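Quick notes on the structure that follows.
Owing to the predicted nature of the structure, the values given are computational and were not obtained by experimental measurement.
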Amino acid sequence: MSGLHFWFSIGSTYSYLTVMRIEKVARDAGVDVEWRPFSVRKIMQEMNNIPFTEKPTKMAYMWRDIERRAAGYGVPCQVPVPYPLAQFDLANRVAVLGREEGWCAAYVQATYRRWFQWGQAAGSSPNLEDSLQEIGLDPVEVIARAESEETGRAYGAATDKARQLDIFGAPTFIANGEMFWGDDRLEDALAWAKAPG
């Protein structure tokens, strides 16, 4: 199978649309997905790019656009949701730990589902604990390890790698060295991943 690197940050609203469908569409396309959590917030702050919070008209459009696109995909969605996330970094540090241990996708899907379908902010209670319990993990133990210096260094290294790749937003896909940004580019990225080198 071909490979696709899926760079994401829990906290990116449009990433919900990708998170809830990437596994199926990639499997149907015969492409393996590698989940790559990083801090898009840090990179966007460095670029002085604050997308929605101070732009109410743009934010209203975003919620409606996500709602329309989710309906088109057949993905449940109740917007608006809590945004921006108060515990953005903790949510992503857990994902970094999950990537190292093989449960990243399951956690990210669980936490986004609670955020976009139940209105529970990712990275905060009860979303964080319930998402970890759903996938069979001990929340107290996982959160303690996610808050460790070791996981912090791994999170920083992942963000550094995204910066080196010139990633500036989420979701971003890397396929055969080519970058595609945005949920609406997922199918293009999958096609590129399958193209002869």
### Query
If Ile, Leu, Val, Met, Phe, Trp and Tyr residues are connected whenever their side-chain heavy atoms lie under 4.5 Å apart, and connections chain through other members, are Val81 and Trp118 in the same group?
no
### Query
Is there side-chain contact between Arg69 and Ile66, with heavy atoms separated by less than 4.5 Å?
no
### Nearest non-hydrogen partners of Thr159 and Ser39, listed with the distance
OG1-N, 3.0 Å
### Query
Does the distance from a Lys or Arg side-chain N to an Asp or Glu carboxylate O, for Arg145 and Glu147, drop under 4.0 Å?
no
#### Entry: Heavy-atom side-chain proximity of Leu4 to Asp32 below 4.5 angstrom
no
### Query
Does CD belonging to Glu141 count more than 12 external heavy atoms closer than 6.0 Å?
yes
### Query
How many angstroms lie between atom OG of Ser124 and atom CG of Leu90, to the nearest 0.5 angstrom?
8.0 Å
### Query
Is Asp89 salt-bridged to Lys42, going by a charged N under 4.0 Å from an acidic O?
no
### Message
Can you give me the closest heavy-atom contact between Phe180 and Ala175, atom names plus distance?
### Response
CE1-CB, 4.3 Å
### Task
Kindly say whether Ile10 contributes a backbone atom to a donor-acceptor pair with the side chain of Asn92 at under 3.5 angstrom?
yes
### Query
Between the side chain of Ser12 and the main-chain N/O of Ala170, is any donor-acceptor distance below 3.5 Å?
yes
#### Entry: Shortest non-hydrogen contact from Tyr83 toward Gly11
CE1-O, 3.5 Å
## Note on the structure
Closest non-hydrogen atoms of Val108 and Ala95, given as atom of the first, atom of the second and distance, are CG2-CB, 4.1 Å
### Exercise: identify the closest heavy-atom pair between Ala121 and Asn127
O-CB, 3.2 Å
### Query
For atom CD of Glu101, is the number of surrounding heavy atoms from other residues, nucleotides or ligands below 6.0 Å larger than 12?
yes
### Task
Keeping the roles fixed (side chain from Lys194, backbone from Val31), state whether a donor-acceptor pair exists under 3.5 Å.
no
### Query
Got a second to check how far Arg27's CZ is from Ile22's CD1, nearest 0.5 Å?
11.5 Å
### Task
Can you label the angle between the Trp115 ring and the Tyr112 ring as parallel, tilted or perpendicular, going by 30° and 60°?
tilted
### Query
Heavy-atom distance under 4.5 Å between the side chains of Leu128 and Gln87, does that happen here?
no
#### Entry: Basic-acidic side-chain contact under 4.0 Å: Glu46, Arg41
no
### Task
Please say whether more than 12 non-hydrogen atoms of neighbouring residues, nucleotides or ligands are located less than 6.0 Å from CH2 in Trp103.
yes
### Task
Before accepting this row, confirm whether a basic side-chain N of the pair Arg114/Glu129 lies closer than 4.0 Å to the acidic partner's carboxylate O.
no
### Task
May I ask you to establish whether Arg93 and Tyr155 are in a cation-pi arrangement, using a distance under 6.0 Å from NZ or CZ to the six-membered ring centre and at most 45° from the ring axis?
no
### Message
Would Arg36 and Glu34 count as a salt bridge (charged side-chain N to carboxylate O under 4.0 Å, His left out) here? Give the steps.
### Response
CA-CA 6 Å; Arg36 304 292 302 263; Glu34 184 173 346; 3.7 Å; yes
### Query
Will you find, in the side chains of Tyr16 and Gln117, an N or O donor that is under 3.5 Å from an N or O acceptor?
yes
### Query
What is the distance from atom CG of Leu137 to atom OG of Ser131, rounded to the nearest 0.5 Å?
10.5 Å
#### Entry: side chain to side chain contact (heavy atoms under 4.5 Å, CB included) between Gln133 and Asp130, intermediate numbers included
CA-CA 5 Å; Gln133 287 178 337; Asp130 290 351; 3.8 Å; yes
### Verdict with supporting geometry, Leu186 and Val25, side chain to side chain contact (heavy atoms under 4.5 Å, CB included)
CA-CA 9 Å; Leu186 173 57; Val25 296; 3.6 Å; yes
### Task
For Leu132 and Tyr107, run side chain to side chain contact (heavy atoms under 4.5 Å, CB included): C-alpha distance rounded to whole Å, both residues' side-chain angles, the deciding distance at 0.1 Å, then the answer.
CA-CA 6 Å; Leu132 290 168; Tyr107 157 69; 4.0 Å; yes
### Message
Between Glu67 and Arg64 (salt bridge meaning N to carboxylate O under 4.0 Å), is one present in this structure?
### Response
yes
### Phe116/Thr13 under side chain to side chain contact (heavy atoms under 4.5 Å, CB included): CA gap, chis, key distance, verdict
CA-CA 9 Å; Phe116 271 79; Thr13 53; 4.0 Å; yes
### Query
Say you draw a straight line from CG of Leu17 to CZ of Arg68; how long is it, rounded to the nearest 0.5 Å?
11.5 Å
### Spatial distance of atom CG (Asp28) from atom CD (Glu23) [nearest 0.5 Å]
11.5 Å
### Query
Taking all atoms of both residues into account, what is the closest heavy-atom pair of Val96 and Ala154, and its distance?
CG1-CB, 3.8 Å
### Query
Are the side chain of Asp183 and the backbone N or O of Tyr14 linked by a donor-acceptor pair below 3.5 Å?
no
### Query
With a 6.0 Å cut-off on ring centres, are Phe38 and Trp7 close enough?
yes
### Task
Enter the distance from Thr172:OG1 to Ile167:CD1 here, rounded to the nearest 0.5 Å.
5.0 Å
### Message
Are Phe8 and Trp35, when compared by the centres of their aromatic rings, separated by less than 6.0 Å?
### Response
yes
